Structure formats: structure tokens, C-alpha cells
Visitor: 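Sharing a structure here in C-alpha cells format.
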Protein chains: 2
Amino acid sequence: MKDRMTPAIRMGGHTQRGQCAKRMSILDAAADVFCRQGFAGASIDEIAAVACVSRQTIYNHYREKETLFVAVVEDVMNRANAMLFSVLSSFPENADNLEDGLTAFAVRLNKNCICNHDGKFLRKLVQTEGERYPHLFESWRQQGPGKLTTALSALLARLAHTGALVIDDFDVAARQFVALANADLQMMTLFGGTPTDEQLEKAARNAVRTFLKAYGRPGTDGAGRPPQLAAIAG
Amino acid sequence: MKDRMTPAIRMGGHTQRGQCAKRMSILDAAADVFCRQGFAGASIDEIAAVACVSRQTIYNHYREKETLFVAVVEDVMNRANAMLFSVLSSFPENADNLEDGLTAFAVRLNKNCICNHDGKFLRKLVQTEGERYPHLFESWRQQGPGKLTTALSALLARLAHTGALVIDDFDVAARQFVALANADLQMMTLFGGTPTDEQLEKAARNAVRTFLKAYGRPGTDGAGRPPQLAAIAG
DNA sequence: GACGTTTTAGACAATGGCGTCTAATTTTAC
DNA sequence: GTAAAATTAGACGCCATTGTCTAAAACGTC
């Protein structure tokens with residue numbers, strides 16, 4: 001009857017990370033179990049076991065299973081957002097050595113945003129539980145693929161403006177760049193595997209070569225020859 | 001104590017469809033519920049209700065929940081396989097009007113194999129339950145994306161042999177063709193929506209234009225001019 | 001060391017789903 | 001029409017899980 005409040009409320013309602021080790025441990029464990037078992041298949045007991053925490057502690061921090069689930073998704077989405085922003089900032093600004101610049105960018109995009117743990121987690125969870133939590137799905141779509149496409153579209157437009165690329169529809173080109181970058185890795189990441197650095201490099205190289213053959217300014221492909229001549233000579 | 005066997009066994013062990021309306025009704029309902037709720041979240045009672053069948057009837061046909069699940073996946077995979085074979089047979093044989101031929105092919109591929117009900121079902125289920133049933137995942141990968149890639153690779157090679165395309169790595173080109181074809185539709189199909197015919201047409205057109213800019217024989221893009229000149233003129 | 005807070009382990013009721021069983025009813029085949 | 005097969009509704013035991021509660025233990029701070 002002492003009407004004590006939950007620790008989370010006591011702490012002032014902060015939901016940022018880093019406030020306490022237990023909380024992070026719970027979030028990480030829950031992400032792991034939710035990702036493997038789905039929402040319905042995940043049990044609080046298993047999450048508690050993975051987090052090395054008693055079940056009651058979880059209920060102290062999160063009112064119910066659904067609260068925990070939403071918190072996990074928000075947490076991962078925050079991390080993924082920050083990472084996407086960072087990767088987008090590394091897009092090559094000038095046209096010097098465009099093929100290498102775009103390839104390095106594609107590697108970073110795949111490695112840190114799409115094939116990484118958080119990226120796979122979000123795609124899987126959103127697809128699994130998206131119908132049950134439409135708001136969650138919409139939020140992910142806007143902040144993830146949506147932001148990526150619009151930002152990449154603007155960056156490509158800037159390159160096109162300098163004459164380094166010849167693009168008629170920037171949005172389409174942006175989506176195609178992402179699609180090409182993933183073409184060789186999609187299957188592997190879907191099943192849960194993580195590509196090696198070598199595979200990342202090769203996939204990005206294939207993607208950028210094709211992208212530049214389609215959109216590169218005539219006469220400036222990787223070898224410094226017109227693309228057709230290069231293809232015929234090859 | 002009468003030791004009666006299940007009707008399925010009595011019927012001679014056939015697992016093909018069409019043997020009885022109830023069976024099909026159960027399979028369809030189970031596919032629907034499994035797809036929406038996942039394996040753990042789906043309840044036999046709900047499947048029975050959707051199938052307009054008593055729960056006991058389901059247990060007469062399938063020993064347990066897992067048996068039903070596997071049967072559902074196999075059923076859908078058989079349909080999807082037949083459809084993929086049919087679509088692959090429609091790949092343009094000669095280079096006449098290559099852009100239109102490839103575009104029509106891409107439309108059929110998306111419409112009947114990737115964005116359709118069965119395609120979305122399989123991708124979702126395999127991703128959701130793939131870790132629990134590795135055999136299922138492997139089987140899907142081989143008969144679905146695997147077969148598509150190798151078949152498309154061979155078909156592209158034939159076109160390249162006639163000189164209509166200039167391709168150095170057929171496997172990479174095949175994966176890129178599929179990736180480009182899906183680039184504009186991925187997000188929509190992921191969330192559950194079905195693209196309109198107009199969207200399918202536009203997505204395929206975008207994909208094939210880029211694919212031909214990258215791999216088309218010089219001097220024969222859609223407008224009959226060298227691609228570079230066309231791009232500059234545009 | 002004392003006090004307030006957090007965590008823990010375990011018991012607990014309630015819920016819901018799975019798979020079985022039975023008896024009644026409908027469908028099918030001859 | 002009759003017999004066999006299939007289907008149905010409902011009850012049942014069993015088990016896992018959720019979320020609550022309590023008393024004891026660990027922790028941190030002064």
C-alpha cells in the first residue's frame with residue numbers, strides 16, 4: 001500500500017540510453033529475442049534470462065510486454081538514424097575519382113546501415129509486426145528508406161549539376177543506386193549472414209560500375225575511356 | 001480404441017491440391033493467418049474460423065500445427081514455382097524491340113512472382129520463420145531467387161551472344177536486372193500494398209532504361225541513337 | 001553502519017492455446 | 001436406404017506465459 005512509483009518514473013522519465021546498465025541490458029536482450037522469435041513468440045522470461053536480470057526488473061522499467069517492444073524499436077531506430085546521417089555525410093562531394101568515391105560510399109551504406117545488425121533487425125521487425133503497429137512502420141519508412149532516398153537524390157543532383165553525372169530523374173536514380181548496391185548482398189543479409197569486407201567491396205564495385213555506365217558522364221568511366229569503347233575492348 | 005486412421009492417410013497419402021474442398025480451404029486460411037500473425041501468433045482456432053471448418057477437421061488432416069505450417073509453405077511454393085517457370089518462358093528471345101520486350105518481361109516478373117500474394121507471403125514467412133526451419137529457407141532460396149538468377153543469367157547470355165547486349169558478368173547482370181526491376185516497388189510491396197498496372201509499367205520502364213544504358217549494345221537504345229548522344233540531347 | 005532504493009526469487013491467479021477425446025450430425029458411396 | 005466416412009461442437013487436461021505480489025537480499029550514499 002506504499003504506492004511507490006516505478007524507478008523509471010522516479011528517474012525523471014528520461015528515456016535516453018545510458019541512464020543505467022540494467023536498462024541497456026534489457027533493451028539489448030529484448031532486441032535479440034524479439035528479432036529471433038517475433039513479438040508473439042518472445043517470452044519475458046527468456047528476455048530476462050538473456051539480459052541476466054530478474055523478470056520483475058523488466059516490469060519495473062516497462063509496464064508490459066508491448067511497452068518494452070515499442071521502447072526497443074525506438075531505441076534501435078535512434079541508433080540507426082544517427083548512423084544513416086553519419087554515412088550520408090560521407091557522400092563524395094566532388095567528381096574526383098568518382099568511381100572510388102561512390103564505391104566507398106556504397107560500402108559504408110551497406111556495412112553500417114543495411115547489412116548491419118540494426119538494419120536487419122528493423123527490416124525484420126517492421127515486416128513481422130508492421131501490420132499490428134502501423135505507426136511504427138510508417139515512422140521507420142520515413143526516417144529510414146524515405147530519408148535515404150531523398151537525401152541521396154539531392155546529393156546525386158548536386159553531382160549532376162557539376163556535370164559529373166547525367167540524370168533525368170534523381171529520385172529514380174537514387175532508388176536504383178540503393179537497389180544496385182544491395183543486389184549482390186540481399187540474399188545473404190536476408191538469411192541472417194553478414195558479408196565479409198571483401199564481399200562488401202565487390203558488391204559495391206559491381207553496383208557503382210553499372211550505375212556509372214548508366215549515369216556517368218560520357219568519356220569518364222573508371223578507366224578514363226568512353227564506356228562503350230571500354231566495354232567493347234573488354 | 002478403434003484405431004481409425006486420418007482421412008489424409010486413408011485417401012492414399014496424396015498431398016496434391018484439389019483432392020477436397022476442405023483441404024484447400026484450410027490451406028488458404030492457414031496461409032492467411034500465418035502470414036498475418038506469424039507461426040507463434042497464429043492460433044488453430046482462428047485458422048479454423050477463417051476456413052469455416054471445425055478445429056478437429058484441421059487435426060484430422062494435419063497432425064499438428066507445425067505439420068500444417070510446412071504443408072502451407074510447400075503448397076504456396078509449388079504455385080510460385082510454376083508461375084516463375086511460366087514467366088521465365090516469356091523472356092524475349094530475339095533483340096527486336098528489346099526495350100519493350102524486357103519491359104514487358106519485368107512487368108510480368110514483378111506482377112506475377114514478386115509483388116503478388118504468394119511472393120510476398122513467401123518472403124515474409126521465410127524471413128520470419130527461416131531460422132526455425134532452415135531447410136524451408138534453403139529450399140525457397142534455391143527454387144525462388146536461385147532459379148530466377150541462374151535462368152535469367154542464361155537468358156541474358158543468349159542475348160549477349162547475339163550482340164544485343166554487352167555483358168561481362170552474367171550473374172551480376174541478372175541480379176542487377178532483378179534489383180532494378182524492384183527498385184521502385186520494394187517499399188510498397190514490403191508494407192503489403194499491391195502496385196497498380198500503371199506503377200508496374202513505370203517501374204519496369206525505369207529499370208529497363210537504366211539496364212540498357214548500362215548493358216545495351218552501343219548505338220541501339222530505345223530511340224535508336226547511341227546512349228550518350230541521347231543522354232546529352234535529353 | 002543506517003537508510004532508502006533497486007533488484008531478486010519465487011509463488012500466485014488468470015488467460016489462452018494446443019492437442020485429445022467423445023458423441024452427435026452431416027455427407028458420401030453403394 | 002443404409003453403412004461407412006467425414007465433419008462438427010464441445011468439453012477436457014496440460015502447459016506456457018503474462019502480469020502481480022511479497023519478503024528477502026544487494027546496492028549505494030551519507
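Quick note on labels: first sequence line is chain A, next is B, and so on, each numbered from 1. Remember, it's a predicted structure, so these values are computed and weren't measured experimentally.
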Visitor: Does anything in residues 184-194 of chain A form a salt bridge (Lys or Arg N to Asp or Glu O under 4.0 Å)? List the pairs, not counting sequence neighbours.
Guide: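 Every pair satisfying salt bridge (Lys or Arg N to Asp or Glu O under 4.0 Å) with a residue in residues 184-194 of chain A: A:Asp184-B:Arg175.
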Visitor: Can a side chain N or O of B:His61 be found less than 4.0 Å away from OP1 or OP2 on D:dA6?
Guide: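 Answer is no, no contact under 4.0 Å.
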Visitor: For the pair made of NZ in B:Lys65 and P in C:dT20, what is the distance, rounded to whole Å?
Guide: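 Going from NZ in B:Lys65 over to P in C:dT20 covers 14 Å.
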Visitor: Take the protein atom OH of B:Tyr62 and the nucleotide atom P of D:dT7, then report the distance between them rounded to whole Å.
Guide: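 Those two atoms, OH and P, are 11 Å apart.
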Visitor: Compute the centroid of each ring, for A:Tyr133 and then for A:Phe69, and state whether the two points are separated by less than 6.0 Å.
Guide: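 A:Tyr133 vs A:Phe69: aromatic centres under 6.0 Å.
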Visitor: So if I take residues 45-55 of chain B and measure heavy-atom distances to DNA chain C, which residues fall below 4.0 Å?
Guide: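 B:Arg55 - these, ordered by number, are the residues of the stretch whose heavy atoms sit under 4.0 Å from the strand.
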Visitor: Just N and O in the side chain of A:Lys22: are any of them under 4.0 Å from OP1 or OP2 of C:dT5?
Guide: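 The answer is no; no side-chain N or O of A:Lys22 sits under 4.0 Å from OP1 or OP2.
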Visitor: Using the six-membered ring wherever Trp is involved, compare the ring planes of B:Phe177 and B:Phe105 and label them parallel, tilted or perpendicular (cut-offs 30° and 60°).
Guide: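 Ring orientation of B:Phe177 relative to B:Phe105: tilted.
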Visitor: Would you mind listing every side-chain hydrogen bond (donor to acceptor under 3.5 Å, both in side chains) that reaches into residues 106-116 of chain B, with sequence neighbours excluded?
Guide: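 Sorted pair list: B:Ser90-B:Arg108, B:Asn110-B:Asn182, B:Lys111-B:Asp197.
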Visitor: Can you tell me the distance, in whole Å, between the CD1 atom of B:Ile26 and the C1' atom of D:dT7?
Guide: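 So the two atoms are 10 Å apart, to the nearest Å.
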Visitor: Excluding sequence neighbours, so at least two apart, what forms salt bridge (charged side-chain N to carboxylate O under 4.0 Å, His left out) with B:Asp171?
Guide: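 Per chain and number, B:Asp171 pairs via salt bridge (charged side-chain N to carboxylate O under 4.0 Å, His left out) with no residue.
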Visitor: Just how far, in rounded Å, is C1' of D:dT18 from CD of A:Glu66?
Guide: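 Nearest whole value for this atom pair: 13 Å.
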Visitor: Which nucleotide in the set D:dT7, C:dC18, D:dT22 lies at the smallest distance from any side-chain heavy atom of A:Gln56?
Guide: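 Closest nucleotide to the A:Gln56 side chain: D:dT22.
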Visitor: Between atom CZ in A:Arg63 and atom C1' in D:dT18, what is the gap in whole Å?
Guide: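 In whole Å, D:dT18 C1' lies 14 Å from A:Arg63 CZ.
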Visitor: With a 4.5 Å heavy-atom cut-off, do A:Leu68 and A:Phe34 have their side chains touching?
Guide: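 SC-SC contact between A:Leu68 and A:Phe34 confirmed.
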Visitor: Could you give all pairs that pass the salt bridge (Lys or Arg N to Asp or Glu O under 4.0 Å) test and reach residues 58-71 of chain A, with sequence neighbours left out?
Guide: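 Pairs touching residues 58-71 of chain A that pass the test: none.
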Visitor: Considering only side-chain heavy atoms of B:Asn60, which listed nucleotide, D:dT8, D:dT18, D:dT22, is closest?
Guide: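 The closest nucleotide is D:dT8.
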Visitor: Rounded to the nearest Å, what distance is computed from the CG atom of residue A:Leu68 to the P atom of nucleotide D:dT17?
Guide: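 These atoms are roughly 16 Å apart.
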Visitor: Under 3.5 Å, is there a donor on one side chain and an acceptor on the other for B:Thr57 and B:Ser54?
Guide: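 Their side chains do contain a donor-acceptor pair, which is all the 3.5 Å distance test asks for.
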Visitor: Quick one: B:Phe39 CZ to D:dA16 C1', roughly how many Å, whole number?
Guide: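 Going from CZ in B:Phe39 over to C1' in D:dA16 covers 14 Å.
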Visitor: Estimate the overall bend of the helix from C:dG1-D:dC30 to C:dC30-D:dG1 from the end axes over five pairs each, rounded to 10 degrees.
Guide: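 Result, rounded to 10 degrees: 40°.
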Visitor: Measure the distance from CD1 on B:Ile58 to P on C:dG17 and round it to the nearest whole Å.
Guide: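 Atom CD1 in B:Ile58 sits about 13 Å away from atom P in C:dG17.
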Visitor: Base, sugar-phosphate, or nothing: which does B:Ala40 touch, judged by heavy atoms less than 4.0 Å apart?
Guide: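 The answer is nothing, as B:Ala40 stays clear of every strand by at least 4.0 Å.
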Visitor: Any carboxylate oxygen within less than 4.0 angstrom of a Lys/Arg side-chain nitrogen, looking at A:Glu46 and A:Arg55?
Guide: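 No, A:Glu46 and A:Arg55 are not salt-bridged.
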